[in-house]
Number of protein chains: 2
Amino acid sequence: MFELDVRSRKPIYEQLVEKLKQLIINDVLKEDEKLPSVRELAQQLTINPNTIQKAYRELESQGYIYSLKGKGSFVHPSGKVDNEEELKKVREELKKLFAEAIYLGMTSEEIAALLQEVEGGQQDD
Amino acid sequence: MFELDVRSRKPIYEQLVEKLKQLIINDVLKEDEKLPSVRELAQQLTINPNTIQKAYRELESQGYIYSLKGKGSFVHPSGKVDNEEELKKVREELKKLFAEAIYLGMTSEEIAALLQEVEGGQQDD
DNA sequence: TAACTGTATTATTACTTCTAGTACAGTAGT
DNA sequence: ACTACTGTACTAGAAGTAATAATACAGTTA
């Protein structure tokens, strides 16, 4: 499914959250699609089930997946995500990153071009 | 100068790097301005000098400040920062964040508006 | 009932952060 | 030369976090 860098300074469960988020955002994992079970994914990646669960819990609290006891964990339908808290964080991060990009010499045109690139890729894939 | 959240999950030195970066980017700390010495800032914030040094070392490696033995640490002039590695990271982060923002329901117009806002604030303050 | 699912708890190990103390080297003013 | 600043480096230990391991409980499905 994907790889993790165990030697990284970043915690494994954070890497997992990021990777899964990317897969969901880029529609590799479709709406309501079932994710691998905690134990199954743990076996595939040869890491502890508790670590997987921690990542799933985080993803659920951020609104990216939902979990049903006895059934499994599923991708939260994109349109129905209503996470104002998460949106606020993203806006703040965007502002910081814009300031940083400009400081490092990027023009707003370059940045806008990146945005268009990503926007196009969303429908396409 | 600023405050740190010791109870945060984030390492103190990382918080320090972020805060100082913001001050530099937003021109609160001007070009070639002298930063507080390692020991001085440590005393002000009541944290260990080694922690400050770690933050300064990180900021220097990212091109935001430069340090002169016996003299002090200073803000790197913005125009002369040429950190292609850092720029690459920022581009990647921007792409991820754009995808995430769109997924959470932001339109590219909203995102572009944020960019304009930040761009205007750079000259203004 | 059996075999799956998520979830929770406790204990232990491993790793990172942070602190503490010390030391060395360069700069500036006296 | 002396003093008092600067940055930098190193070792050792304490404290906190991440990751593992083992177990248990609850809900679903066939």
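Reminder, nothing fancy here: chain letters follow the sequence lines and each chain counts from 1.
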Let me confirm one number: the [atom1]-[atom2] distance from [X] to [Y], rounded to the nearest 0.5 Å.
X        : Y         : atom1 : atom2 : result
Asn26(B) : Glu100(A) : CG    : CD    : 11.0 Å
Leu94(A) : Leu94(B)  : CG    : CG    : 7.5 Å
Glu18(A) : Glu58(A)  : CD    : CD    : 10.5 Å

Practice task
Walk me through it: do Tyr103(A) and Glu86(B) pass the test side-chain hydrogen bond (donor to acceptor under 3.5 Å, both in side chains)?
Solution key: CA-CA 11 Å; Tyr103(A) 182 83; Glu86(B) 201 59 20; over 6 Å; no

Check whether any side-chain heavy atom of [X] lies under 4.5 Å from a side-chain heavy atom of [Y], and answer yes or no.
X         : Y         : value
Glu110(B) : Arg91(A)  : yes
Asp32(A)  : Pro77(A)  : yes
Ile111(A) : Glu119(B) : no

Atom [atom1] of [X] to atom [atom2] of [N]: distance rounded to whole Å?
X        : N       : atom1 : atom2 : value
Tyr13(A) : dT20(D) : OH    : C1'   : 16 Å
Glu14(A) : dA18(D) : CD    : P     : 7 Å
Leu68(B) : dA28(C) : CG    : C1'   : 14 Å
Ile47(B) : dC18(C) : CD1   : P     : 8 Å
Phe74(A) : dT28(D) : CZ    : C1'   : 10 Å
Lys69(B) : dT6(D)  : NZ    : C1'   : 11 Å
Ile12(B) : dA15(D) : CD1   : P     : 15 Å
Asn48(A) : dA19(D) : CG    : P     : 10 Å

Select one nucleotide: of [options], the one nearest the side-chain heavy atoms of [X].
X        : options                   : result
Lys34(B) : dT6(D), dT5(C), dA18(D)   : dT6(D)
Ser67(B) : dT8(D), dG6(C), dA9(D)    : dT8(D)
Lys71(A) : dT28(D), dT20(D), dT19(C) : dT28(D)
Ser73(A) : dA19(D), dT17(C), dG6(C)  : dG6(C)
Thr51(A) : dA19(D), dT8(D), dC10(D)  : dA19(D)

Handout entry: base_contact_polar (dT23(D) base, Arg39(A) side chain, donor-acceptor, <3.5 Å)
Key = no

Just the atom pairs and distances: protein N or O near nucleotides 1-3 of chain C's N or O, under 3.5 Å.
none

Problem - Counterpart residues, side-chain contact (heavy atoms from CB on, under 4.5 Å), relative to Arg39(B) (two or more places apart) - result: Ser37(B)

Problem - Asn50(A) or Gly70(A), whichever maps to the more 5' nucleotide of DNA chain C - result: Gly70(A)

Fill in the blank from the handout: Residues in residues 52-61 of chain B with a heavy atom under 4.0 Å of DNA chain D, by number, are Gln53(B), Glu60(B)

Exercise for the section: Look at the aromatic rings of Phe98(A) and Phe98(B) and report parallel, tilted or perpendicular, splitting at 30° and 60°. Expected result: tilted

Exercise for the section: Would you please classify the geometry between the Tyr66(A) ring and the His76(A) ring as parallel, tilted or perpendicular, with 30° and 60° separating the classes? Expected result: perpendicular

